[in-house]
Amino acid sequence: QGSTLLGRVELVDGIATLAVSGLPVGLDRLEAVYAGDANNAASTSLPVLEDVVAARTSLTLASPDNIACNGTLSVQVHGSNPTGIVTFFNGTTVLGCAWVTNGIATLLYANLPLGVANLTATYSGDANHASSVMEFVQTVTTAATTIGLTVSPNRYAAQNAPVQLTAAVTGADPTGTVTFYCGGVELGSATLVNGLGAITLETLPVGTDLLTAVYSGDIANSASVSAPVSEKVIATPVNICVTSPTDTVVHGGSATFAA
């Protein structure tokens with residue numbers, strides 16, 4: 001093929017057959033060269049032009065029909081070990097691009113609007129595969145969230161000492177508020193900033209307090225509740241001072257003390 005050797009085969013009854021794969025896409029110039037033998041001179045065939053076209057491809061959806069707004073989109077490219085890139089669109093808006101690996105292109109954190117989305121996936125093609133396009137529909141729901149609660153100081157605190165409660169919420173860029181509770185009693189609320197909300201208070205009751213944080217949710221994120229955190233608040237010691245009007249008491253006598 002041009003100057004590229006495709007292979008060598010032995011003649012059988014004057015015929016040599018070579019099966020090849022992987023010819024480059026385009027118009028290929030093919031020739032056969034006979035080496036000759038003791039009784040026959042070498043010779044070269046007239047060139048044959050072979051038009052090699054890219055293999056057809058198709059796309060199918062590899063992710064669920066219903067995903068969260070920060071979910072993952074996956075498309076399978078059908079072909080003979082295709083490579084290249086798949087670009088995902090929401091209308092004319094580009095959601096992102098993903099390389100095809102083992103026939104699958106996966107876009108993480110698609111950032112989709114809630115509701116029914118009409119999407120398009122476009123495969124770029126490669127040296128041996130033609131491009132292809134697929135339109136599909138996704139139902140997009142709110143993102144699941146998780147919330148973790150930390151308390152400082154951890155586990156033990158003195159009565160009337162400041163205690164900080166911090167909630168960390170993960171989801172699709174969550175906003176809104178976090179409300180903190182001791183048992184069923186509300187302690188206060190905080191607005192999320194970069195997924196974090198915190199309050200500081202000095203009024204936790206003495207004893208073992210069970211603390212939780214509740215995230216309100218927002219348009220893109222569902223509400224969630226943290227696991228409870230136990231904090232033991234230790235009562236402040238009371239100092240007692242005892243005084244007596246006299247330093248000496250007669251044995252068997254009485255004395256008056258004041259505390």
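Quantities reported herein were computed from a predicted structural model and do not represent experimental measurements. Below, each value reflects all heavy atoms present in this structure, side chains not excepted, and no hydrogens, waters or symmetry copies.
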Problem set entry | Pair S226, T212: side-chain N/O donor-acceptor within cut-off below 3.5 Å |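 Short answer, no.
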Exercise. Between the side chains of T146 and T170, does any donor sit under 3.5 Å from an acceptor?
Worked result: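 T170 and T146 do have a side-chain donor-acceptor pair below 3.5 Å.
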For this session: With L119 as reference, evaluate L95, V75, L61, V140 under the side chain to side chain contact (heavy atoms under 4.5 Å, CB included) test and give the passing residue.
Result: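 Answer to the side chain to side chain contact (heavy atoms under 4.5 Å, CB included) test with L119 among L95, V75, L61, V140: L95.
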Report whether [X] and [Y] are members of the same hydrophobic cluster (ILVMFWY, side-chain heavy atoms less than 4.5 Å apart, transitive linking).
X    : Y    : value
V100 : V133 : no
V229 : I199 : yes
V163 : V233 : yes
L30  : V20  : yes

Exercise. What are the two closest heavy atoms between T57 and V77, and how far apart are they?
Worked result: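 Scanning both residues completely, I find the closest heavy atoms to be CB-CG1, 4.4 Å.
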Problem set entry | Heavy-atom pair of closest approach, residues Q159 and V206 |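 Heavy atoms only, the tightest pair is CD-CG2, 3.5 Å.
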Exercise. Looking only at atom types and distance, does a side-chain atom of N221 sit under 3.5 Å from a main-chain N or O of A172, one as donor and one as acceptor?
Worked result: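 Yes, because the side chain of N221 sits within donor-acceptor range (under 3.5 Å) of the backbone of A172.
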For this session: Could you check I67 against T72 for side-chain contact (heavy atoms from CB on, under 4.5 Å), going step by step and ending with a plain yes or no?
Result: CA-CA 7 Å; I67 65 170; T72 297; over 6 Å; no
Exercise. Which value, rounded to the nearest 0.5 Å, describes the distance between T203 atom OG1 and L187 atom CG?
Worked result: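 That separation rounds to 6.5 Å.
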